[in-house]
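Working notes, structure below.
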Amino acid sequence: MSALGHHQRYDYHGPNDLPDYRWPGGKRLAVYVAMNLEHFSFGCQEGAQLAPVANKLDVLNYSWRDYGNRVGGWHLADLFQRLGLPASVICNTSILDYCPNVALLTGFSLDWLSSTRQYQQSLRR
């Protein structure tokens, strides 16, 4: 019987084989919280899709993305602030043209760390 192929990136270790690691202050768990904000062109066929595209206008897949810019981002920002969770915002820079108030709220008013990827994801590169 032949061995299965292996990626050669690291050896397998079970949880009991690992050394006891602690973060500064004796903490044992680190959590990274980030909110992703994106603006896509309406009718764009790029990016993840929740359902097959029915026609070129693709209202369903556009609206689930746009919900975060109109509603979801505000709710998450309020929640993270109430819980005292430091967060980051990851966005494409076209968000500053489309809905600058949500990007400015998360990036500046709440003093979150911001990271941008590119101008937009609507075009295949």
Side-chain angles (χ1 to χ4, degrees):
M1 189 146 86
S2 63
L4 295 175
H6 188 267
H7 53 70
Q8 305 300 324
R9 294 180 179 171
Y10 52 85
D11 294 329
Y12 170 79
H13 297 288
N16 295 334
D17 301 329
L18 299 174
D20 184 24
Y21 182 82
R22 298 202 184 252
W23 290 93
K27 305 294 183 188
R28 297 186 46 98
L29 178 66
V31 177
Y32 169 72
V33 179
M35 180 169 50
N36 188 45
L37 295 173
E38 295 181 344
H39 176 235
F40 277 76
S41 294
F42 183 71
C44 168
Q45 304 287 317
E46 297 298 318
Q49 296 177 342
L50 292 178
V53 176
N55 59 48
K56 186 170 174 142
L57 295 181
D58 196 12
V59 173
L60 174 67
N61 288 309
Y62 177 82
S63 62
W64 75 266
R65 291 179 177 118
D66 197 47
Y67 173 85
N69 300 333
R70 293 179 294 106
V71 179
W74 299 98
H75 288 302
L76 286 175
D78 289 343
L79 176 66
F80 296 155
Q81 192 171 24
R82 268 196 328 269
L83 296 174
L85 290 175
S88 297
V89 62
I90 303 168
C91 63
N92 57 20
T93 55
S94 66
I95 205 83
L96 295 171
D97 294 332
Y98 179 65
C99 56
N101 49 358
V102 72
L104 294 174
L105 165 75
T106 58
F108 299 105
S109 299
L110 298 179
D111 199 26
W112 289 9
L113 177 66
S114 297
S115 172
T116 58
R117 290 198 303 264
Q118 62 193 46
Y119 182 70
Q120 50 85 21
Q121 284 84 15
S122 298
L123 301 173
R124 186 177 300 271
R125 297 187 187 263

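The analysis underlying the following values was restricted to heavy atoms, covering all of them including side chains, and did not include hydrogens, waters or symmetry mates.
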Inset, instruction - Determine whether H75 and L79 make a side-chain contact, defined as any pair of heavy atoms from C-beta on separated by less than 4.5 Å. - result: no
Legend entry - Contact summary for R9 and H7, nearest pair of heavy atoms: N-ND1, 2.9 Å
Inset, instruction - Answer yes if L18 and L29 sit in the same cluster of Ile, Leu, Val, Met, Phe, Trp and Tyr residues linked by side chain heavy atoms under 4.5 Å apart, and no otherwise. - result: no
Inset, instruction - Using a cut-off of 6.0 Å, state whether more than 12 heavy atoms not belonging to Y21 lie near its atom OH. - result: yes
Inset, instruction - Indicate the atoms forming the closest heavy-atom contact of G84 with P86, along with that distance. - result: O-CD, 3.4 Å
Inset, instruction - Go through Y98 and N92 one step at a time and tell me if the side chain to side chain contact (heavy atoms under 4.5 Å, CB included) criterion holds. - result: CA-CA 11 Å; Y98 179 65; N92 57 20; over 6 Å; no
Legend entry - Minimal non-hydrogen separation, G68 against L37, with atom names: O-CD2, 4.4 Å
Legend entry - Reported CD1-to-CD1 distance for the pair I90 and I95, which is rounded to 0.5 angstrom: 13.0 Å
Legend entry - Exercise: identify the closest heavy-atom pair between C99 and N69: SG-CB, 3.7 Å
Inset, instruction - Quick one: name the residues clustered hydrophobically with V71, using the 4.5 Å side-chain heavy-atom rule over I, L, V, M, F, W, Y, and just say none if it's on its own. - result: Y67
Legend entry - Linked, directly or transitively: L83 and M35 (ILVMFWY side chains, under 4.5 Å): yes
Inset, instruction - Return the set of residues passing ring-ring contact (aromatic ring centres under 6.0 Å, His included) with Y12 (not counting sequence neighbours), or none when no residue passes. - result: none
Inset, instruction - Of all the heavy-atom pairs spanning W74 and N101, show the shortest one and how long it is. - result: CH2-O, 3.7 Å
